Each structure stands twice: as C-alpha cells, then as structure tokens.
Amino acid sequence: MSEEPFVSRGFVGKRRGGEQKDRIPPGQYLTDDFPVLSAGPTPYTPLDQWTFTMEGLVKEKASWTWQEFLKLPMQKYMVDISCVTKWTKLDMQWEGVSLDTLLEHVELDRQAMFVTAYSDGGYTTNIPLTDVINGQSFIALKYDDKPLAPEHGGPARMVVPHLYFWKSAKWIRGIRLMEKDKPGFWEALGYHNRGDPWKEERYWND
Ligand SMILES: Nc1nc2c(c(=O)[nH]1)N[C@H]1C(S)=C(S)[C@@H](COP(=O)(O)O)O[C@H]1N2
Ligand SMILES: [Mo]
C-alpha cells in the first residue's frame, strides 16, 4: 500500500458538543483501547487481486480494482463506535468512501430495500438500505491517518457508526442489494437484526 492520493472533501460528523456521558449508549463503558474481534483468521488478499463490487438488484453491477477504488473521493469521518461486547470508543478517525458515492455508480432496482455486506473469509452482515445511505456509512481505508491494519479489516472495511460494530464488515469485498432481508453471520446466530446501540438491540428478543 504505497500510493496515498486520498482526496479529502472535509470532515464529516465533526463533534457536536455535549457531555461525554451523553455519548455513551446504555449498558456500554468507555474505552481508549481498540480491541480486535474476529470470528476467524485475518484474510490477506493481495491488493492486485482485490476488487469491490456493488451487485444484486442493480441494472448493471459495478466493480472496482484497488487502484480504481483509490481514485474515488474520500472523506474523513470522526465517529463514536459501540460494540455489543459493551465497549464504546469516542471520536474515532477514519477515512473512506461514502456508500452514497458507491451507489452513484449503480442504478438501483425499485425493489432494493436491504444490503448484505460480504467479506473475504465469508463473513456477512445485513443492513436496511435506509441505514447505509445519506452519509450514514462508508468504506474505510484508513484509521488514525494510517492504512487500516489487517486485524481491523484492512485493506478496506465498512463502517456503520450508528449501529453496533458487528454491522461494520471487515475485509469487505462487496455489497449486495436485495429485496428481502437475510440475516448475516452474527444475525443468524442470535444477534439482533438491526443493532441500534441506543435501543440496546443486542440479541434477537431485545
Ligand atoms: N469480516 C468480518 N467483519 C467483522 C467481524 C468478523 O469476524 N469478520 N467481526 C465483527 C464484530 S463482532 C466486531 S465487534 C467488529 C470488530 O472490529 P475490530 O476488530 O476492528 O474491533 O468487526 C465486525 N466485523
Ligand atoms: Mo462484536
């Protein structure tokens, strides 16, 4: 990962004021660490074999090589993240491509209502389309001004800051647009289908 021509269109989500405690969802504790949580081994796909694809309910699918993906407009994001294992980390700095930008490259079928993010290694997670558009999610290539570390999902991971962190697929390789919702890896194992930390949507019956 030598080339770093990231164009920045400015900072998104710069911090509103407010007490720190008002930013910690119920049942969460504050941490400065960045724990690693992976359901399997870290995959190492060579960048010259890496692609990112928008597929499913689109007129024509769109696909980018790593070199092409780097040319997409990048933005900086400062966001708070909550993990279902109860840590919350504030003001995490990322840089990446907004899902809105990627969606500009495909024509959605009218029936497209849900997305599945899929990753190297087979991980998937499902999210309603309404939770990923309008600046709510991005594909991160950098964390803390450095290329995203492999254990944290590098070369590229999705980040959906307003949902629990399992919705943020590491090692992402594409997004599938779907008409019907389909539980992803953790959702099929009992995690909540949506995962809003402010509503404590941790498990199926929450
Ligand atoms: N591909 C993939 N993405 C994943 C996971 C995983 O196991 N595989 N774990 C999820 C879970 S449960 C969490 S809490 C976060 C952890 O991200 P981190 O290791 O960078 O803290 O990644 C999410 N994305
Ligand atoms: Mo998690």
Side-chain angles (χ1 to χ4, degrees), residues 1 24-47 49-55 66 69 76-97 99 102 114-128 131-132 136-176 182-204 206:
M1 246 187 278
I24 304 172
Q28 299 288 116
Y29 67 87
L30 201 55
T31 186
D32 284 324
D33 297 336
F34 191 177
V36 172
L37 290 136
S38 306
T42 296
Y44 290 89
T45 300
L47 291 180
Q49 288 165 34
W50 186 94
T51 53
F52 187 92
T53 304
M54 301 284 287
E55 59 175 89
W66 178 253
F69 204 83
K76 291 187 176 183
Y77 296 84
M78 195 190 296
V79 296
D80 302 342
I81 298 282
S82 289
C83 174
V84 73
T85 59
K86 304 206 166 174
W87 57 264
T88 291
K89 192 167 165 60
L90 304 180
D91 292 332
M92 295 182 82
Q93 277 187 245
W94 306 85
E95 194 163 336
V97 181
L99 248 286
L102 298 171
F114 297 91
V115 307
T116 286
Y118 59 89
S119 301
D120 277 325
Y123 188 85
T124 56
T125 187
N126 58 308
I127 315 170
D131 273 313
V132 299
Q136 294 181 99
S137 75
F138 54 95
I139 306 300
L141 305 192
K142 284 189 170 189
Y143 174 72
D144 247 359
D145 289 324
K146 291 183 281 290
L148 185 58
E151 63 270 25
H152 285 302
R157 85 178 291 169
M158 188 152 173
V159 180
V160 193
H162 71 289
L163 301 177
Y164 283 125
F165 209 23
W166 85 78
K167 295 288 185 182
S168 295
K170 305 199 278 190
W171 315 300
I172 191 167
R173 293 294 301 276
I175 300 266
R176 192 172 302 119
K182 182 170 186 279
F185 178 82
W186 282 119
E187 292 83 3
L189 291 171
Y191 281 30
H192 195 276
N193 202 46
R194 175 143 184 274
D196 181 344
W198 292 99
K199 298 180 184 161
E200 279 210 83
E201 294 173 338
R202 297 177 191 275
Y203 306 106
W204 274 351
D206 291 345

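Quick note: residue numbers are just sequence positions, from 1. Note that ligands are numbered from 1 as they come in the structure, with each ligand's atoms numbered from 1 the same way. Bear in mind the structure is a predicted one, so any value in this text is a computation, not a measurement. Note that these values count all heavy atoms, side chains included, but never hydrogens, waters or copies made by symmetry.
Exactly one of Gln136, Glu201, Arg194, His192 qualifies for a side-chain contact (heavy atoms from CB on, under 4.5 Å) with Leu163. That residue is Arg194.
Considering only heavy atoms from C-beta on, Ile127 comes within 4.5 Å of Met158 through its side chain. Residues Lys170 and Ser38 are in side-chain contact: their nearest non-hydrogen atoms beyond the backbone lie under 4.5 Å apart. Two residues are said to be in side-chain contact when any heavy atoms from C-beta on lie closer than 4.5 Å; Ile175 and Leu99 meet this criterion. Looking at Trp171 and Trp50, their side chains never come closer than 4.5 Å, going by heavy atoms from C-beta outward.
A heavy-atom separation below 4.0 Å is not found between Lys167 and ligand 1. Using 4.0 Å as the threshold, Gly121 has no heavy atom nearer than that to any atom of ligand 1. Residue contacts with ligand 1 do not include Phe185, since none of its heavy atoms lies under 4.0 Å from the ligand. The shortest heavy-atom distance from Cys83 to ligand 1 is under 4.0 Å.
Ring planes of His152 and Phe34: parallel class, angle under 30° (limits at 30 and 60°). Taking the six-membered ring where tryptophan is involved, the planes of Phe52 and Phe69 are tilted, since the angle between them lies from 30° to 60°.
Atom 24 (N) of ligand 1 has Ser168 O, 3.0 Å as its closest protein atom, hydrogens excluded (heavy atom only). Annotation: atom 21 (O) of ligand 1 to nearest protein heavy atom, Pro35 O, 2.6 Å. When only non-hydrogen protein atoms are considered, atom 11 (C) of ligand 1 lies nearest to Trp166 CA, 3.6 Å. The single protein non-hydrogen atom nearest to atom 7 (O) of ligand 1 is Ala39 N, 2.7 Å, given as residue, atom name and distance. When hydrogens are left out, the protein atom nearest atom 9 (N) of ligand 1 is Leu37 O, 3.3 Å; that is the closest non-hydrogen contact. With respect to atom 19 (O) of ligand 1, the closest heavy atom belonging to the protein is Lys170 NZ, 2.6 Å. Of all protein heavy atoms, the one closest to atom 10 (C) of ligand 1 is Tyr123 OH, 3.5 Å.
Looking only at atom types and distance, the side chain of Thr53 has no donor-acceptor partner in the side chain of Arg173 under 3.5 Å away.
Annotation for Asp32: atom CG does not count as buried by contact number, only 12 or fewer foreign heavy atoms lying within 6.0 Å.
For a threshold of 3.5 Å applied to N or O pairs, the pair formed by Gly40 and ligand 1 contains no separation below that value. Ligand 1 has an N or O atom lying under 3.5 Å from an N or O atom of His152, backbone or side chain.
Residue nearest to atom 17 (O) of ligand 1, selected from Arg157, Lys89, Arg173, Met158: Arg157 (by heavy-atom distance).
Listed by number with element, the atoms of ligand 1 under 4.0 Å from a non-hydrogen atom of Trp171 are 1 (N), 2 (C), 8 (N). Near Val36, the atoms of ligand 1 lying under 4.0 angstrom from a non-hydrogen atom of the residue are 19 (O). Distances below 4.0 Å separate heavy atoms of Trp186 from the following atoms of ligand 1: 12 (S). Atom numbering of ligand 1 starts at 1 in the shown order; those under 4.0 Å from a heavy atom of Ser119 are 1 (N). Taking every heavy atom of Ser38 and a limit of under 4.0 angstrom, the matching atoms of ligand 1 come to 7 (O).
Legend: residues meeting ring pair (Phe, Tyr, Trp, His ring centres under 6.0 Å) with Tyr203, ordered by chain and number and at least two apart, are Tyr191.
Ring to ring, Phe165 and Trp87 are close: their centroids are under 6.0 angstrom apart.
Taking the charged nitrogens against the carboxylate oxygens, Lys167 and Glu187 do have a contact shorter than 4.0 Å, which makes a salt bridge.
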